[in-house]
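Below: the structure, in structure tokens.
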Number of protein chains: 2
Amino acid sequence: IVQLNNVVKEYALGKTVVRALRGVSLTLARGEFIAVAGPSGSGKTTLLNLIGCVDKATSGTVTLDGAETNTLDDHALTELRLHKLGFVFQSFNLIQVLNVYQNVEFPILLQGTSTGGERHRMVEEIIDRVGLKEYLRHRPNELSGGQRQRVAIARALVGKPMVVLADEPTGNLDSKTGQSIIDLMKQMNREEQTTFIFSTHDPRVMEQAQRVIELVDGQITANGAQPAK
Amino acid sequence: IVQLNNVVKEYALGKTVVRALRGVSLTLARGEFIAVAGPSGSGKTTLLNLIGCVDKATSGTVTLDGAETNTLDDHALTELRLHKLGFVFQSFNLIQVLNVYQNVEFPILLQGTSTGGERHRMVEEIIDRVGLKEYLRHRPNELSGGQRQRVAIARALVGKPMVVLADEPTGNLDSKTGQSIIDLMKQMNREEQTTFIFSTHDPRVMEQAQRVIELVDGQITANGAQPAK
Ligand SMILES: Nc1ncnc2c1ncn2[C@@H]1O[C@H](COP(=O)(O)OP(=O)(O)OP(=O)(O)O)[C@@H](O)[C@H]1O
Ligand SMILES: Nc1ncnc2c1ncn2[C@@H]1O[C@H](COP(=O)(O)OP(=O)(O)OP(=O)(O)O)[C@@H](O)[C@H]1O
Ligand SMILES: [Mg+2]
Ligand SMILES: [Mg+2]
């Protein structure tokens, strides 16, 4: 469902070129639950941004559900992101003027494929699952760091997308809260065949992944399988 | 050097009141290296913000280096923050229009107590210690999450403040990078008697603290001592 073929990503800064990805090739099947691990600055966010159509590769191809993303115009990319992907950003990217409920409702409101009643049920259910039912009316600046992270998670999951990209989704969460998030995601993986790709440093996330892909200096150095627990 | 006496912090949201701290009392001596641990939403950031004079208590007293912070006007609070404190914010709070070098130089530039040559040496040294010497000219939006976190750390440490408050300073860092940061901070603790207070979920930080204070629902539930490693 996700395929990368010799992907390179370079950032140009004046005379300097930073090579964040140096020829990455990767194939993921539907329903996989994988972790991408690596040191700070190794290219994890860059990789997720390319899969998630938030950025474009310098060279190489990214294919998502059969569509090669380089060949899509902005409108088609936006549609792909909206209907097939959920993204938990490393810096959360919540909308500051919307409260928790409105932030989580936003993607399914844009999709336009559910009634008001259906949306209400979906939003309230996912917010309860991430432990924030008492914070519905809070705005992002009236929440703790870990609470904001969970709003970002709820927003990424609410529409039950085909693929979820989660960039360090547990970094601000204590052990118990982090585990309840992983449990929620594992359930979606089982019941909906949602593909999950995590960028992570968290050993708890790695342990529960089917496979850990190691990234060092923009290159994949290990692409191992391990049994899920 | 830091003393809290029955501190309460309430946030008012329309009709709702959120009690983030519910009567916290705490005494810390100079040179301590302590961790504050607790679930997401338990009050850790709130506690650090009060000690760091970034916010004010609803009731109770906070005393920092002998000065009761409620009695200080804004100018005196700013001076206290500038000259005695270093703060690593959970969301980093980097200045987007400044590059890495300029962000780190900023606090000691404001202090006005060192020459240009002294500042240059201090800034370059601390940036090297956090592993970012090749990123001096990058702006925050040209850095990875963990790289931004390390800029925030460098900025908090550059002026060798009396007290450093670090709110989840390793959340975005891989194990090796995180350990090198902890080592840097332990060295300052030993050599300069810098007091370090961490908010953290990271077991590696807790293990290396002299004491772990547990916070649950705005109250201290454990205030234990443990030997440092
Ligand atoms: N500005 C604010 N307005 C209203 N409520 C707030 C505000 N800041 C924090 N809170 C609430 O106060 C409580 C404590 O927040 P705090 O940020 O101190 O928690 P924390 O322990 O740092 O959590 P985390 O580990 O998720 O960062 C939370 O319930 C939070 O929703
Ligand atoms: N917009 C940008 N402009 C220039 N360089 C960038 C940009 N974004 C990332 N980089 C650089 O590309 C490299 C990879 O960045 P990336 O954000 O993918 O790393 P990461 O593995 O997610 O790190 P972390 O674990 O710290 O989040 C880093 O060296 C970073 O400085
Ligand atoms: Mg990243
Ligand atoms: Mg916090």
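Worth saying up front: this structure is predicted, and the values here are computed from it rather than measured. Chain naming here is simple, since letters A, B, ... match the order of the sequence lines and numbering starts at 1 in each.
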Self-check item: Residue A:E134 excluded, over 12 heavy atoms near CD under 6.0 Å
Solution: no
Quiz prompt | Among the listed options B:K44, B:E168, B:H138, the residue most often paired with chain A at heavy-atom distances under 4.5 Å | solution = B:H138
Practice problem: Under 4.5 Å heavy-atom distance to chain B, tell me which part of A:S40 shows up: side chain, backbone, both or neither. | Solution: both
Quiz item: Among B:D202, B:L173, B:T200, who wins on heavy-atom pairs under 4.5 Å with chain A?
Solution: B:L173
Quiz item: Can you say whether B:R150 sits under 4.5 Å from chain A via the side chain, the backbone, both, or neither, judging by heavy atoms?
Solution: side chain
Quiz item: Does atom NZ of A:K56 have more than 12 heavy-atom neighbours from other groups under 6.0 Å away?
Solution: yes
Quiz item: About how many Å separate OG1 of B:T16 and OH of A:Y135, when rounded to the nearest 0.5 Å?
Solution: 11.0 Å
Practice problem: State whether the number of non-hydrogen atoms from other residues, nucleotides or ligands found under 6.0 Å of A:N141 atom CG is greater than 12. | Solution: yes
Self-check item: B:Q90 versus A:N172, side-chain donor and acceptor atoms under 3.5 Å
Solution: yes
Self-check item: Heavy-atom check, side chain of B:L13 versus side chain of A:R137, under 4.5 Å
Solution: no
Quiz item: Non-hydrogen atoms of chain B under 4.5 Å away: do they reach the side chain of A:Q147, the backbone, both or neither?
Solution: both
